[in-house]
J.: 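First the structure, then my questions, so here it is.
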Amino acid sequence: MQLIDDRGVPIDAEYTAEVDGGHLAIVLESMSGKSAARAARNTDYRPALELLLARLRDLGAVVEAAVVDSLATQRRQIPEADRALLPGPVRLADEPDLPALRRHLTNAQMTIGQASDARRPGNSTKRIRLRLAVPGYGVDDAERLAADLATGFASQPDHAVQDQQAGEALLAALGIPAEIVDAEKTHVTSTSYERTSGTVVVRRAEAALLARYRQSIAGSGDHRLLSAVGHTDLYIIETGEIIEAKRGAVHRYVRDALGQLLDYAVNVTAPVGRLTALFPAEPSNADIGLLHTYGVDCLYWDGDSTFPRRPAPDEAREAMRPLWAATLRK
């Protein structure tokens, strides 16, 4: 697969996407110079790697591992730990400087696979493998990921499928068994509806997450408020805190929580002292920063029994408080 840059110009660098265990991986082929026997190959290796990182960041990807995967290291059966280019997983949304990350990945290659008596550093454009976790892409989506990265025009996810998958993952993490219950029951943890592809189970994963959170604050005066735009998920009387829970922690759910909280704030009659978005995992730093810009706290489940809070700066909350007290349909 060949990349097309943002101007529509092809980039001279080849890559493939493939299944790598339970992950997807991008393999970027090495660069070689021109010789008497062959023409130069993959001459745009460095800009291609930087563009791949940028487009993977746009997809919310995490680089679980990056390793040199050259024929030389394969022949010598060098262990993966000795071919690693990163000390651990990297969530690209949290990387403030992708060119610096690209330089790290290329510079780190220079000594990998080199003979112990080599007098000069090796090349920095070897064949590498990026093992990935990409929201919305499973192990059957290698071709789709490769095509989406080639142009930067990722196909839009099916939100119903994304919601179903996020809900199932959250309930599985909470240890709640799968079941379908009648849609007319109130406060249920799941319901179902028909689609042409079959019955899709829509789970009230947010309700299960809220129930776990309420256990952690037992004794607080927690209620739901009815506003002109619907019921809030949770309202803590003592602090005037409105809490909105989401089944996922990717940008789409962060944006939805932010919009709903601001909508509730100006459509309830009870005092509003704090707005908080609750997620089943920690969102990216960029998304937490988005919440903080509007004075909204981030609360997330740690997968065990506690819910760490990333509070908004006091100055942001105070700046937003007059807007929360605004009257639209009160």
Side-chain angles (χ1 to χ4, degrees), residues 1-3 5 10-57 59-92 94-95 97-134 137-150:
M1 187 70 70
Q2 187 177 36
L3 284 167
D5 71 15
I11 292 180
D12 181 25
E14 294 184 1
Y15 70 95
T16 57
E18 60 186 52
V19 178
D20 186 347
H23 294 80
L24 290 176
I26 292 295
V27 178
L28 179 62
E29 299 299 330
S30 63
M31 183 177 80
S32 64
K34 184 178 180 180
S35 67
R38 63 183 180 185
R41 183 179 66 125
N42 295 341
T43 57
D44 292 327
Y45 179 100
R46 292 181 181 87
L49 177 54
E50 198 164 309
L51 185 57
L52 282 170
L53 291 172
R55 289 179 176 173
L56 285 167
R57 178 183 60 186
L59 293 175
V62 174
V63 180
E64 300 286 357
V67 298
V68 170
D69 199 29
S70 64
L71 291 177
T73 58
Q74 293 174 15
R75 284 196 299 267
R76 294 170 58 186
Q77 298 184 333
I78 297 176
E80 182 168 304
D82 295 333
R83 297 182 282 121
L85 302 173
L86 294 171
V90 172
R91 183 160 51 176
L92 293 175
D94 293 341
E95 281 298 310
D97 189 346
L98 287 184
L101 177 60
R102 192 278 301 164
R103 289 192 294 272
H104 174 86
L105 289 171
T106 49
N107 291 340
Q109 300 177 35
M110 297 176 69
T111 58
I112 293 176
Q114 289 293 99
S116 58
D117 58 350
R119 295 183 179 180
R120 294 190 303 176
N123 75 70
S124 59
T125 55
K126 298 181 174 76
R127 184 178 191 263
I128 63 170
R129 175 179 298 268
L130 304 179
R131 192 171 295 123
L132 305 165
V134 188
Y137 295 80
V139 293
D140 296 328
D141 297 319
E143 290 186 8
R144 180 165 68 94
L145 177 61
D148 289 346
L149 290 174

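Predicted model, so just to flag it, every value in this text is computed and none were measured.
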J.: Calculate, to the nearest 0.5 Å, the distance between atoms CD and CG belonging to Q109 and N123 respectively.
T.: 7.0 Å

J.: Report yes if the side chains of L86 and L105 come closer than 4.5 Å at any heavy-atom pair, otherwise no.
T.: yes

J.: In the structure I gave you, are the side-chain heavy atoms of L132 and V63 within less than 4.5 Å of one another anywhere?
T.: yes

J.: List the atom of T43, the atom of M31, and the distance in Å for their closest heavy-atom pair.
T.: O-SD, 3.6 Å

J.: Under the salt bridge (Lys or Arg N to Asp or Glu O under 4.0 Å) test, which residues partner R102, sequence neighbours left out?
T.: E50

J.: For V139 and G22, which heavy atoms make the closest approach, and how far apart are they?
T.: CG1-O, 3.6 Å

J.: Would you mind reporting whether E64 and H23 have side-chain heavy atoms less than 4.5 Å apart?
T.: yes

J.: What pair of heavy atoms forms the shortest contact from A13 to A48, and how long is it?
T.: CB-CB, 3.4 Å

J.: Between Q74 (side chain) and D69 (backbone), is there a donor-acceptor pair under 3.5 Å?
T.: yes

J.: CG of L59 to CG of L92: how many Å apart, nearest 0.5 Å?
T.: 10.0 Å

J.: Any side-chain heavy atom of T125 sitting closer than 4.5 Å to one from L49?
T.: no

J.: Kindly compute the distance separating NZ (K126) from CE (M110), expressed to the nearest 0.5 Å.
T.: 8.0 Å

J.: Go through L52 and L130 one step at a time and tell me if the side-chain contact (heavy atoms from CB on, under 4.5 Å) criterion holds.
T.: CA-CA 10 Å; L52 282 170; L130 304 179; 5.6 Å; no

J.: Keeping Y45 on the side-chain end and E29 on the backbone end, is there a donor-acceptor pair under 3.5 Å?
T.: no

J.: Rounded to the nearest 0.5 Å, how far does OH of Y137 lie from CG of D148?
T.: 3.5 Å

J.: Which residue pairs pass the side chain to side chain donor-acceptor pair (under 3.5 Å) test with at least one member in residues 77-89, sequence neighbours excluded?
T.: E80-R131

J.: Keeping the roles fixed (side chain from D141, backbone from G138), state whether a donor-acceptor pair exists under 3.5 Å.
T.: yes

J.: Within a strict 4.5 Å, meaning less than it, do heavy atoms of the V67 and T73 side chains meet?
T.: no

J.: Looking at OG1 of T106 and CZ of R46, how far apart are the two atoms once the value is rounded to the nearest 0.5 Å?
T.: 6.0 Å

J.: So, do L3 and R55 sit near enough that their side-chain heavy atoms are less than 4.5 Å apart?
T.: yes

J.: Are the side chains of E18 and V27 in contact, using a 4.5 Å heavy-atom criterion?
T.: yes

J.: Looking only at non-hydrogen atoms, find the nearest pair between V19 and G21 and report the distance.
T.: CG1-O, 3.4 Å

J.: Please round to the nearest 0.5 Å and tell me the distance separating atom CD1 of I78 and atom CD1 of I112.
T.: 8.5 Å

J.: Between L71 and R75, does a side-chain contact (heavy atoms from CB on, under 4.5 Å) hold up when you go through it step by step?
T.: CA-CA 6 Å; L71 291 177; R75 284 196 299 267; 3.8 Å; yes

J.: With no hydrogens and no angle check, do the side chains of R41 and S30 hold a donor and an acceptor under 3.5 Å apart?
T.: yes

J.: Can you confirm whether D44 sits close enough to D5 that some side-chain heavy atom of one is under 4.5 Å from a side-chain heavy atom of the other?
T.: no

J.: Has the side chain of Q2 got a donor or acceptor atom that lies under 3.5 Å from a matching backbone atom of I11?
T.: yes

